[in-house]
S.K.: 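This structure is in structure tokens; I'll ask about it shortly.
A note on names: the letters A, B, ... follow the listed sequences, proteins ahead of strands, and every chain is numbered from 1. Just so it is clear, the values below take in all heavy atoms, side chains as well, and ignore hydrogens, waters and symmetry mates.
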Amino acid sequence: MLERDERIRIMATASETCAVLPSADLQWLLDALSAKGYRVVGPIVREGSVVWETISSVSELPIGWRDQQEPGRYRLEQTGSQEIFGVVHGPQSLKPFIFAPREPLFQIKRSKDGFTTSPTLPQSEKVAVIGARACDLAGLVIQDRIFLNDTYRDPYYATRRDGLFVVAVNCTRSLQTCFCASMETGPRAKRGFDLALTEVDDRLLVEAGSEAGRDLLSNLSLSTGSEQLSAEAVTRIDACAGGQVRRLDHSRLPQALYDAHEHPRWDEVAGRCLACTNCTMVCPTCFCHTVEETLDLSRQQTAHARLWDSCFAQEHGYIHGKNIRPTIKDRYRMWLTHKLASWIDQFGTSGCVGCGRCITWCPVGIDLTEELPALLTPGTQPSITSQQLEGT
Amino acid sequence: MSKPEAQRERPRLAVFKFASCDGCQLSILNLEEDLLAVGEALDLAYFPEASSDMKPGPYDIALVEGSITTAEDAHRILAVRQQTKVLITIGACATAGGIQALRNWADVEAFKQAVYPSPEYIQSLSTSTPISEHVHVDFELWGCPIDKNQLLRVITDLVVGVQPRLPGDSVCLECKRRGNVCVLVAKGIPCLGPVTRTGCGAICPGMGRDCYGCFGPSEGERKGPGLPPNTVSLATRFHRELQLIPVEVMRRFRGINGSVSPFRTESEAWEKKT
């Protein structure tokens, strides 16, 4: 990490990459994006949280709202302020925009001498998302590594990804469930964004992170940032990091978690886990999917689609006539071990970005920052072995 | 290789009713424009709710609505099974005993005396039981009522000749695919979605209300791989954090699918605490 003074200097002096936008003029940015042909998406208040929706006006953003998150609980409160980005996040990361929950893959049609197959690529669309957080961007970078891998490039993901323009917001307030600082993914957006905003009272410090972002910023002709404002932004971001009450010590991973394979804590957490899949659905990096065939009564065609799936779903572990993860314990262990340990072996990074969504959106409030230390503390009783389970 | 299209005989479909409200049969008629395609692909041989032209069996596919609540029906379902290749139960009544299975915890004689002026004319069993307790069932469609699109999928799969897929995933999986906000987490209401089977399209949480388990327990309690869902953990959450008193927790699990394990086990455990 750069020294504080260095970060302030960079923010304040690089005029082509940094500017100040009065909060009251945020509409300019929305309009500029629309003028460039982007569908502008932002967080809007719905059903007690925020979800991504197409917006045309700043007034649709959750102005004055703040979210309080804790294990298994999410509440919004209206503060009456003019704060635009007071809500840190809702259940959705950037994942739904690029790894679609339901993606038609191809169609097969009968023909005179057999059948024809035609891919159903999504229509390319320019989408600008306003309000993504550093953790969301870290998730995006990880998903890019998975889906845009040189050997197995996913054209569906790639098409959606090409049209994505991200306006990130640097966090100046942490939730109880946040632990991005310990995962070194936030609270300041490092990469993967086109523009990044830092809300400092009634001003937004705007930084460009890509060519497209610089291009847009130059069109807006804003005043350049001052060192004083940059210093204040850095102070607030640093305070946000310092205020995080949760952390994940990953220094002994991956090996320590492999060594904990038979720890009794897995039984304890399985007693609480519902295997409902919520943690994996809200996770910015989880990429499991299943495929589904939709046939036609005329017997002339079928559509093949990809759907979000989860390693917590019973059928996910069902292969070749046997379920390899029949119990909830098997599934929780699979998920946590992959997310925090084998992901490192597989992709060279942790699968966790510290957003805390799996903690908040777990209906029974299971907290991985509590589970991991417990699992890495030597257990007192032997765990049930897989042979014993098969015998039951 | 299957027969050429023109020579193929249309499978014969029958729809039978037992103790039920007819809502699931109406879901078939609610297929609207798809009903024409169903009519073309299948011979609707026996469907009294739709047509008075009732042709005798045997049938390739029988859709059975309703639970068994009389001795006569217990006999009739055997005859349905005998003349049917693929028997599919449609809805909570046929699949789990339905809301009328609440009688399984009550005194049916007392109900008769209270409701009817001449209770001696009522011939009824003391229980309401699902079809699978009487005959072999090939596929079970859950829901109160069933989801018409799921029914169409299953019929289409059978007509084309592939194994119908009826996932036992939780409602949450579909809820999150739809982009719904979790009502349990964001509103603190006791949603049964985490332990309830998908297939409905997560319509209740999609309208901001709680799932009340009309698709029955998730996972593979009765068929296929898997274990019962963790109702104990969810019920404990309802009680401790959402402040439901034991009788309220009991009632959550004792609804439309109350008599099917593990919902039954869970409601009985909380009944003991009331």
Side-chain angles (χ1 to χ4, degrees), chain A residues 46-53 69 71-76 90-92 96 100-102 110 270-278 280-282 290 292-300 302 307-310 312-318 321-323 326-328 360-366, chain B residues 2 5 8 34 36-38 40-42 152-153 155-157 159-162 165 167-188 191 193-196 198 205-208 218-220 224-227 229-234 236-237 240-242:
Chain A
R46 190 203 286 165
E47 298 292 350
S49 182
V50 293
V51 293
W52 298 120
E53 276 287 355
Q69 301 192 29
R73 194 170 191 276
Y74 187 108
R75 292 293 183 277
L76 282 182
Q92 298 165 315
R102 186 180 296 269
R110 273 189 205 274
R272 288 182 289 143
C273 176
L274 304 171
C276 62
T277 75
N278 277 304
T280 54
M281 295 291 107
V282 296
T290 184
E292 181 182 80
E293 210 67 50
T294 304
L295 302 154
D296 190 279
L297 267 176
S298 67
R299 300 190 188 89
Q300 296 309 307
T302 176
L307 282 76
W308 281 1
D309 198 12
S310 167
F312 282 93
Q314 65 158 353
E315 285 184 19
H316 193 81
Y318 191 70
K322 182 175 167 65
N323 194 332
T327 66
I328 292 178
T360 299
W361 298 100
C362 172
V364 293
I366 295 172
Chain B
S2 56
E5 293 301 296
R8 191 190 287 268
D34 290 322
L36 297 172
V38 172
E40 275 172 31
L42 293 127
L152 185 64
R153 285 188 82 99
I155 290 176
T156 306
D157 289 348
V159 166
V160 176
V162 301
R165 190 168 169 269
D169 304 327
S170 71
V171 168
C172 304
L173 184 57
E174 191 57 31
C175 218
K176 285 289 186 289
R177 283 181 189 145
R178 279 189 56 167
N180 293 342
V181 171
C182 177
V183 297
L184 197 159
V185 170
K187 293 183 182 174
C191 181
V195 296
T196 298
T198 184
M207 298 300 291
S218 57
E219 305 265 324
L227 297 165
N230 193 350
T231 52
V232 177
S233 176
L234 187 64
T236 307
R237 182 81 178 172
R240 287 199 195 144
E241 276 83 24
L242 308 187

S.K.: Using non-hydrogen atoms and a 4.5 Å limit, figure out which bit of A:Arg272 sits close to chain B: side chain, backbone, both or neither.
M.R.: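 For A:Arg272, heavy atoms of backbone and side chain both lie under 4.5 Å from chain B.
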
S.K.: Heavy-atom distance under 4.5 Å to chain A: side chain of B:Val183, backbone, both or neither?
M.R.: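 It is neither, since no heavy atom gets under 4.5 Å.
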
S.K.: Please report the closest heavy-atom contact between A:Leu295 and B:Asp157, naming both atoms and the distance.
M.R.: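 Taking every non-hydrogen atom into account, CD1-OD1, 3.0 Å.
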
S.K.: With a 4.5 angstrom heavy-atom cut-off, could you sort out which part of B:Arg153 is near chain A: side chain, backbone, both or neither?
M.R.: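 For B:Arg153, the side chain is the part near chain A, not the backbone.
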
S.K.: What part of A:Glu293 lies closer than 4.5 angstrom to a heavy atom of chain B: side chain, backbone, both or neither?
M.R.: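 The backbone, not the side chain.
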
S.K.: Out of curiosity, A:Ile328 CD1 to B:Ser233 OG, how far, rounded to the nearest 0.5 Å?
M.R.: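 A:Ile328 CD1 to B:Ser233 OG: 8.5 Å, rounded to 0.5 Å.
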
S.K.: List the atom of B:Glu219, the atom of A:Phe312, and the distance in Å for their closest heavy-atom pair.
M.R.: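 It is OE2-O, 4.4 Å.
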
S.K.: Of all of A:Pro91, A:Gly317, A:Cys276, A:Pro96, which one pairs up most often with chain B through heavy atoms under 4.5 Å apart?
M.R.: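 Heavy-atom pairs under 4.5 Å are most numerous for A:Cys276.
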
S.K.: So which of B:Leu42, B:Thr156, B:Leu152 has the largest heavy-atom pair count under 4.5 angstrom toward chain A?
M.R.: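 Among the listed options, the one with the most contacts to chain A is B:Thr156.
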
S.K.: Tell me, side chain or backbone of A:Val364 under 4.5 Å from chain B's heavy atoms, or both, or neither?
M.R.: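 Interface part for A:Val364: both.
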
S.K.: Measure the CD-OG distance between A:Gln314 and B:Ser218 for me, rounded to the nearest 0.5 Å.
M.R.: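 Interatomic distance, A:Gln314 CD to B:Ser218 OG, rounded to 0.5 Å: 8.0 Å.
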
S.K.: If I take atom CZ from residue A:Arg102 and atom CD from residue B:Glu174, how far apart are they, to the nearest 0.5 angstrom?
M.R.: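 Separation between the atoms: 5.0 Å.
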
S.K.: Checking B:Glu241 against chain A: side chain, backbone, both or neither under 4.5 Å from a heavy atom?
M.R.: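 Contact with chain A is absent: no heavy atom of B:Glu241 under 4.5 Å.
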
S.K.: Under a 4.5 Å heavy-atom cut-off, does chain B meet the side chain of A:Thr294, its backbone, both or neither?
M.R.: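 For A:Thr294, the contact with chain B is made by backbone and side chain together.
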
S.K.: If you tally heavy-atom pairs under 4.5 Å against chain B, which of A:Arg73, A:Glu292, A:Arg46, A:Gln92 wins?
M.R.: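 Greatest number of close heavy-atom pairs with chain B: A:Glu292.
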
S.K.: Measuring from B:Asn230:CG to A:Leu274:CG, what's the distance to the nearest 0.5 Å?
M.R.: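 If we round to the nearest 0.5 Å, B:Asn230:CG and A:Leu274:CG are 5.5 Å apart.
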
S.K.: Return the option, out of A:Leu307, A:Thr360, A:Asp309, with the maximum number of heavy-atom pairs under 4.5 Å with chain B.
M.R.: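 Most heavy-atom pairs under 4.5 Å with chain B: A:Leu307.
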
S.K.: What part of A:Pro363 gets closer than 4.5 Å to chain B, counting heavy atoms only: side chain, backbone, both or neither?
M.R.: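 Both the backbone and the side chain of A:Pro363 come within 4.5 Å of chain B.
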
S.K.: For B:Asp169, is it the side chain, the backbone, both or neither that has a heavy atom under 4.5 Å from a heavy atom of chain A?
M.R.: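 B:Asp169 touches chain A through side-chain heavy atoms alone.
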
S.K.: What are the two closest heavy atoms between B:Ser170 and A:Thr277, and how far apart are they?
M.R.: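 Closest approach of B:Ser170 to A:Thr277: OG-OG1, 4.2 Å.
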
S.K.: What part of A:Ala100 gets within 4.5 angstrom of chain B, counting heavy atoms only: side chain, backbone, both, or neither?
M.R.: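 No part of it gets close to chain B.
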
S.K.: Heavy atoms only: give me the nearest A:Leu297-B:Ala41 pair and the separation to one decimal.
M.R.: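 Where A:Leu297 meets B:Ala41 most closely, the heavy atoms are CD2-CB, 3.8 Å.
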
S.K.: What is the minimum heavy-atom distance between B:Leu173 and A:Trp308, and which atoms define it?
M.R.: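 Shortest heavy-atom contact: CD1-O, 4.0 Å.
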
S.K.: If you take all heavy atoms of A:Glu47 and B:Val181, which pair is closest and at what distance?
M.R.: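 Smallest heavy-atom distance, with atoms named: O-CG1, 3.4 Å.
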
